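A short write-up of the structure that comes next.
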Amino acid sequence: MRSKYRLGVDAGGTFTDFVLAENDGSIRVFKSPSTPEDGTIAIRHGLGQIAEALNKPVSQIVQECDLCINGTTVALNALIEKKGVKVGLLCSHGHEDSIEIRLGHKEEGYRYEADFPPAHMIVPRHLRRGIGGRFLADGTEHSPLNEQQIREAIAYFKEQEVESVAISFVWSVRNPAHERRARELVQQFLPGVFVCTGSEVYPQIREYTRTSTTIVNAYLSPVMRRYVERIDDYFKGLGARYPVRYFQSNGGLAIGEAMQGRAVNAINSGPASAPQAGLYVARPFGIDNVITVDMGGTSFDITLTKDSHTNLSKDIDFLRYRIGVPMIQVETLGAGGGSICQVDEYGMLQVGPESAGATPGPVCYGKGGTRPTVTDANLVLGYLNPDAVLGGTIRLNREAAWQAVKKHVADPLGISVEKAAYGISTIVNLNMVNGIRRVSIERGYDPRDFALVCAGGAAGMHITALAEEIGSRTVLVPKVASVFCAFGQIISDVRYNYLASEPMPIHREADLSTLNARFHELERQGTEHLLADGFQLGDIGLGRSVEMRYQGQIHECPVEIPGGEITPETVDAMLAAFHRRHEELYTYSEPGNPVELVNIESTLTGRVSKPPVQHRTPVGKTLADALTGHRPMLFDADGHWVETGVYSGERLDVGLEIVGPAVVEEPTTNIVVRPGWCLVLEPNNCYRLTRLK
């Protein structure tokens with residue numbers, strides 16, 4: 001760290017989290033209710049809390065920060081709520097309806113549901129304009145660009161008050177000349193309107209994916225630009241010495257200027273930092289296989305990291321829109337502490353995806369909520385202190401939670417309130433376990449080989465139950481669990497992905513000079529970008545990957561390859577890695593069949609110095625010093641209440657063992673230690689839970 005502080009801010013659906021790291025290794029945690037109508041309000045409130053805690057003016061704190069990092073849900077919320085800008089599309093003639101045809105694809109789980117509604121179209125049909133002109137797959141021009149049609153489309157867009165224009169022509173990845181000329185015309189005749197091209201936003205083959213990604217980017221970028229400008233101006237006004245960094249969906253940081261025109265890279269901004277944080281807390285234990293689970297008030301986010309490498313997703317359907325750019329693979333469920341519980345018309349108990357959010361919140365918050373939530377069930381089960389005051393302002397009301405569970409769940413099902421509350425907990429746990437299996441078993445990984453890293457304010461009450469279901473014997477719960485993604489931001493690097501398509505048969509005799517030249521060009525661009533951003537050559541890291549397939553296949557497998565010159569020996573290693581990965585994903589490989597390379601990618605990383613690790617030593621306290629009392633809790637469906645020890649995390653000494661059942665209460669989260677588990681606070685400020693049987 002170059003200065004006294006480093007600040008991470010993560011805006012969630014219920015709370016906005018703040019982590020302030022000091023150059024001596026100490027970490028301070030703050031929370032402020034999220035303000036979806038204007039995220040800058042929550043940031044001001046959080047900075048006010050920090051200023052009060054440090055007894056310093058906000059301006060001084062900001063000026064003493066070497067980095068202020070923002071993970072934002074602005075782009076995600078705009079996509080969810082359909083609050084982007086009005087977009088016009090210029091596409092190749094005859095391809096006006098490709099985004100509506102969607103390759104004839106229907107989302108998994110709805111393939112045979114005839115009544116499943118079509119996806120909402122960001123660009124309505126009358127704003128999609130087909131343009132004459134075509135390049136072929138080899139990059140040669142088949143017919144010239146029809147500039148008159150572009151001018152006519154621009155005139156119509158102006159009449160319709162279009163705020164953003166997306167341009168995506170067939171085979172623009174092989175020759176972007178037509179897209180560039182169309183962009184020039186739009187900028188000339190529609191000044192002030194945002195414009196982006198497919199060859200810049202997603203320069204890889206697959207016309208539908210490229211067009212959809214470009215449209216989403218055009219839809220969100222003006223919204224993101226306004227947000228970034230507000231945040232940048234706010235921090236500049238406070239005297240910030242360094243530009244604000246924004247967290248990207250690929251797990252790295254970027255300056256605001258880079259984000260303003262690439263909002264599609266910020267869709268998964270918040271949860272994408274969890275893998276970095278998961279590895280950070282696991283490495284002192286010699287663990288590099290982790291599954292991070294983040295349960296907040298609104299959602300449950302899951303990421304998987306194998307051998308220190310986190311899964312990246314490309315060409316996926318996100319909120320029913322195809323997105324091609326690399327994103328940390330995050331499985332998101334509507335399973336948070338605020339998930340609403342109800343009995344449906346078939347007499348079945350449902351938990352989520354609807355959430356009470358920050359307003360009105362769970363019934364026990366006393367802010368107007370009337371329907372029971374997971375948090376209310378946890379309070380009924382005894383996992384939460386009925387006298388707790390959350391965030392210094394919200395006093396929990398156990399009687400209100402009990403009555404809500406009784407009215408909306410227990411009475412309709414004809415069961416006791418205890419069984420209803422335990423049923424709510426069980427169902428939300430199973431929903432979360434299914435999500436964990438999707439990122440592990442369905443991707444060829446055995447979850448028993450992974451440690452489970454707990455994040456989010458609500459996850460600690462469910463984490464040992466989840467571990468039992470998936471077979472994991474080690475659980476890690478850092479002290480910063482409730483602000484885990486904000487913590488992940490302050491230990492992350494700047495990262496940019498550079499993509500290209502280079503379809504070719506791949507074997508020892510292939511034209512490797514062309515492939516090497518393409519990689520070198522991508523890496524030259526990335527290096528120049530990072531050097532201009534203030535990094536030295538020694539601080540720049542390089543990663544490469546390729547997408548390959550057996551000839552005749554439709555989908556590719558990603559394979560990581562080393563940097564440097566690609567030689568026939570490198571090709572042998574690439575092919576061997578491809579066959580292995582194909583077998584992991586699909587249970588078979590065909591080493592005798594020809595393989596073709598489709599896409600290439602270079603990832604350039606600017607390494608940022610990390611805050612020092614705080615190392616705690618025992619001070620000679622006993623478990624009795626941390627014990628604050630006992631209260632009855634329920635750990636099974638039989639309704640047997642167990643008098644359970646309650647411990648203060650702030651009083652617990654390093655190295656002391658707590659054998660379950662027990663609860664450890666931290667200021668912003670509770671950790672339920674189920675029977676058969678043992679908890680120890682380790683010197684790196686992380687709780688390690690181990691299954692005893």
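Here, residue 1 is the first one in the sequence, and each next residue gets the next number. As the structure is a computational prediction, the values presented were derived from the model and not from experiment.
- Using a 4.5 Å heavy-atom cutoff, the side chains of L689 and V673 are in contact.
- The neighbour count for N55 CG, taken as heavy atoms of other residues, nucleotides or ligands under 6.0 Å away, does not exceed 12.
- Listed for the T375 side chain is a donor-acceptor partner under 3.5 Å among the backbone atoms of G337.
- Put simply, CZ on R245 and CD1 on I69 are 8.5 Å apart, with the number rounded to the nearest 0.5 Å.
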For this session: Might you work through the side chain to side chain contact (heavy atoms under 4.5 Å, CB included) test for Q329 and L304, ending with a clear yes or no?
Result: CA-CA 8 Å; Q329 185 193 12; L304 181 145; 5.7 Å; no
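- Proximity of a side-chain donor or acceptor of Q489 to a complementary backbone N or O of V9 within less than 3.5 Å is detected.
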Exercise. Passes side chain to side chain contact (heavy atoms under 4.5 Å, CB included), F285 versus T474? Steps please.
Worked result: CA-CA 11 Å; F285 305 104; T474 300; over 6 Å; no
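- Side chain of D653 to backbone of G620: a donor-acceptor contact under 3.5 angstrom is found.
- Taking the side chain as every heavy atom from C-beta outward, T644 and F635 approach each other to under 4.5 Å.
- If you check the side chains of T303 and T292, you find a donor sitting under 3.5 Å from an acceptor.
- Going from atom OG1 of T305 over to atom CZ of F450 covers 8.5 Å, rounded to the nearest 0.5 Å.
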Exercise. Can you check side chain to side chain contact (heavy atoms under 4.5 Å, CB included) on N385 and V646, steps first, answer last?
Worked result: CA-CA 9 Å; N385 184 350; V646 180; over 6 Å; no
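- Nearest heavy-atom pair, M259 versus A254, reported as atom, atom and distance to 0.1 Å: SD-CB, 3.9 Å.
- The backbone N or O of G382 lies less than 3.5 Å from a partner atom in the side chain of R631, making a donor-acceptor pair.
- Heavy atoms only, all atoms of each residue included: Y647 and A662 are closest at CE1-CB, 4.0 Å.
- Between T464 and V672, the shortest heavy-atom contact is OG1-O, 3.2 Å.
- Of the possible polar contacts, one joining the K31 side chain to the S482 backbone as a donor-acceptor pair under 3.5 Å is found.
- Looking at T605, its side chain never comes within 3.5 Å of a backbone N or O of R607 through a donor-acceptor pair.
- Shown here for P478 and L476, the closest heavy-atom pair between the two residues is CD-O, 3.7 Å.
- The CE atom of M633 sits 9.0 Å away from atom CG of L384, with the distance rounded to the nearest 0.5 Å.
- Between M295 and I463 there is no side-chain heavy-atom pair separated by less than 4.5 Å.
- Atom CG of D449 and atom CD1 of I291 lie 9.0 Å apart (nearest 0.5 Å).
- Applying side chain to side chain contact (heavy atoms under 4.5 Å, CB included) to L67 and the options V608, L7, I490 leaves one that passes, V608.
- At a threshold of 4.0 Å, the pair D625-R651 does not count as salt-bridged, since none of the basic side-chain nitrogens sits closer than that to a carboxylate oxygen.
- Contact of the W641 side chain with the L634 side chain is registered, since non-hydrogen atoms from C-beta on lie closer than 4.5 Å.
- Side-chain atoms of T72 and N70 form no donor-acceptor pair, as typed in the model, at a separation below 3.5 Å.
- With contacts defined as side-chain heavy-atom distances shorter than 4.5 Å, the pair I50/V58 does not qualify.
- The side-chain heavy atoms of Y246 and S269, taken from C-beta on, include no pair separated by under 4.5 Å.
- Panel note: side chain S273, backbone C485; a donor-acceptor pair is recorded below 3.5 Å.
- Under a 3.5 Å cut-off, the side chain of S26 and the backbone N or O of D24 do not form any donor-acceptor pair.
- With hydrogens and angles ignored, the 3.5 Å screen pairs a side-chain donor or acceptor of Q248 with a backbone N or O of L253.
- Nearest heavy-atom pair across G456 and T669 is O-OG1, 3.9 Å.
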For this session: Would you please test N250 and N497 for side chain to side chain donor-acceptor pair (under 3.5 Å) and show each step?
Result: CA-CA 8 Å; N250 67 359; N497 297 90; 2.5 Å; yes
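- With no hydrogens or angles considered, no side-chain donor-acceptor pair links N265 and S249 at under 3.5 Å.
- A donor-acceptor pair shorter than 3.5 Å cannot be found between the side chains of T426 and N429.
- Y687 OH to C454 SG: the interatomic distance, rounded to the nearest 0.5 Å, is 11.5 Å.
- Considering only heavy atoms from C-beta on, Y5 comes within 4.5 Å of K56 through its side chain.
- The shortest distance between side-chain heavy atoms of L381 and S425 falls below 4.5 Å.
- Although no hydrogens or angles enter the test, the distance criterion places a donor-acceptor pair under 3.5 Å between the side chain of D376 and the main chain of C364.
- A salt bridge does not link R495 to D493: none of the charged nitrogens lies less than 4.0 Å from a carboxylate oxygen.
- Rounding to the nearest 0.5 Å places CG of L679 at 9.0 Å from CD of E682.
- Annotation for E52: atom CD does not count as buried by contact number, only 12 or fewer foreign heavy atoms lying within 6.0 Å.
- A pairwise comparison of heavy atoms in N431 and L333 identifies O-CD1, 3.2 Å as the closest pair.
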Problem set entry | Chi angles and distances behind the side chain to side chain contact (heavy atoms under 4.5 Å, CB included) call for F247, S492 | CA-CA 9 Å; F247 210 80; S492 295; 3.4 Å; yes
